[in-house]
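Here, residue 1 is the first one in the sequence, and each next residue gets the next number.
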Amino acid sequence: MDNNLYGRVRALFVTVLAISIATLGIAALIGGNAAVWIRSIIVTAIAAVLISLAGKASRGSRAAYLRMRLMSTVAPLAIMIIIALPHDGFPIWMKVDQAVVGVLLLAVAVMVGRKDVRQAYPKAGQ
């Protein structure tokens with residue numbers, strides 16, 4: 001496994017976790033609505049899971065790699081929808097926050113979706 005790759009991936013996931021924790025802090029300070037709290041808690045939990053998956057993938061777990069790849073690919077799409085919806089309960093600052101998270105996750109999706117990385121996790125029997 002490319003430990004440099006997983007070091008960068010882990011750093012991006014840790015950054016997402018830090019942003020998510022900061023978002024919870026901002027919501028506590030300014031009184032975020034239910035949508036802000038729920039989204040922030042979900043993204044914080046997902047970031048923690050992604051950090052764990054990156055560690056397992058770096059040690060060769062195909063299942064962890066596939067989950068991490070799927071989550072880092074799907075999440076930016078969901079974030080684009082959140083940003084695009086005009087009246088979804090998310091304030092502008094939260095949409096900016098989510099845009100940054102989306103860019104970080106998209107960077108991971110590109111990094112772990114490369115052909116050479118995919119080939120490092122062959123299906124059983126290949």
Side-chain angles (χ1 to χ4, degrees):
M1 295 303 116
D2 182 353
N3 287 328
N4 290 329
L5 169 70
Y6 282 103
R8 293 188 305 273
V9 166
R10 187 175 189 286
L12 290 170
F13 289 154
V14 168
T15 302
V16 170
L17 179 62
I19 290 169
S20 301
I21 291 169
T23 302
L24 287 168
I26 292 168
L29 286 173
I30 66 172
N33 63 26
V36 169
W37 280 101
I38 291 167
R39 179 72 186 164
S40 298
I41 290 168
I42 290 170
V43 175
T44 301
I46 288 171
V49 168
L50 287 169
I51 291 167
S52 174
L53 290 174
K56 291 175 184 176
S58 73
R59 293 186 295 277
S61 171
R62 182 175 195 278
Y65 165 75
L66 292 173
R67 286 182 187 102
M68 179 186 65
R69 184 170 167 221
L70 176 66
M71 291 171 76
S72 64
T73 302
V74 172
L77 299 172
I79 289 170
M80 285 182 1
I81 293 168
I82 287 170
I83 292 169
L85 292 175
H87 302 291
D88 57 6
F90 296 109
I92 295 296
W93 68 266
M94 178 76 169
K95 290 185 179 206
V96 171
D97 166 284
Q98 289 298 285
V100 171
V101 167
V103 168
L104 295 173
L105 294 176
L106 184 59
V108 171
V110 170
M111 291 165 56
V112 300
R114 293 188 335 241
K115 185 176 182 179
D116 62 318
V117 179
R118 291 191 318 269
Q119 289 176 339
Y121 298 94
K123 292 181 183 176
Q126 289 185 341

Is it the case that the side chain of [X] and the backbone of [Y] share a donor-acceptor pair, with hydrogens and angles ignored and the cut-off at 3.5 Å?
X: Asn33; Y: Gly89; answer: yes
X: Arg69; Y: Ala109; answer: no
X: Ser61; Y: Ala57; answer: no
X: Arg59; Y: Gly55; answer: yes
X: Ser40; Y: Trp37; answer: no

Per-pair distances, 0.1 Å, donor-acceptor, side chain in residues 17-30, under 3.5 Å, sequence neighbours excluded:
residue	atom	partner	partner atom	Å
Ser20	OG	Val16	O	2.8
Thr23	OG1	Ile19	O	2.8
Thr23	OG1	Asp97	OD2	2.3

*asked:* Just checking Arg39: does its CZ atom have more than 12 heavy atoms from other residues, nucleotides or ligands closer to it than 6.0 angstrom?
replied: yes
*Crowded around Arg8 CZ? As in, over 12 foreign heavy atoms under 6.0 Å?*
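Yes - once you tally the heavy atoms of other residues, nucleotides and ligands closer than 6.0 Å, there are more than 12.
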*Are Met80 and Val43 co-members of a hydrophobic cluster defined by side-chain heavy atoms under 4.5 Å apart?*
no
*Hey, any chance Ile82 and Ile46 share a hydrophobic cluster, counting ILVMFWY side chains that come within less than 4.5 Å of each other, even indirectly?*
no
*Can you tell me how far the OG1 atom of Thr73 sits from the CG atom of Leu106, to the nearest 0.5 Å?*
8.5 Å
_Atom pair OG/CG of Ser72 and Leu53 - distance to nearest 0.5 Å_ = 10.0 Å
*asked:* Check the orientation of Tyr121 and Tyr65. Use parallel for under 30°, tilted for 30 to 60°, and perpendicular for over 60°.
replied: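 Parallel: the ring planes of Tyr121 and Tyr65 meet at under 30°.
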*Quick one: salt bridge (Lys or Arg N to Asp or Glu O under 4.0 Å) partners of Lys56, sequence neighbours excluded?*
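Per chain and number, Lys56 pairs via salt bridge (Lys or Arg N to Asp or Glu O under 4.0 Å) with no residue.
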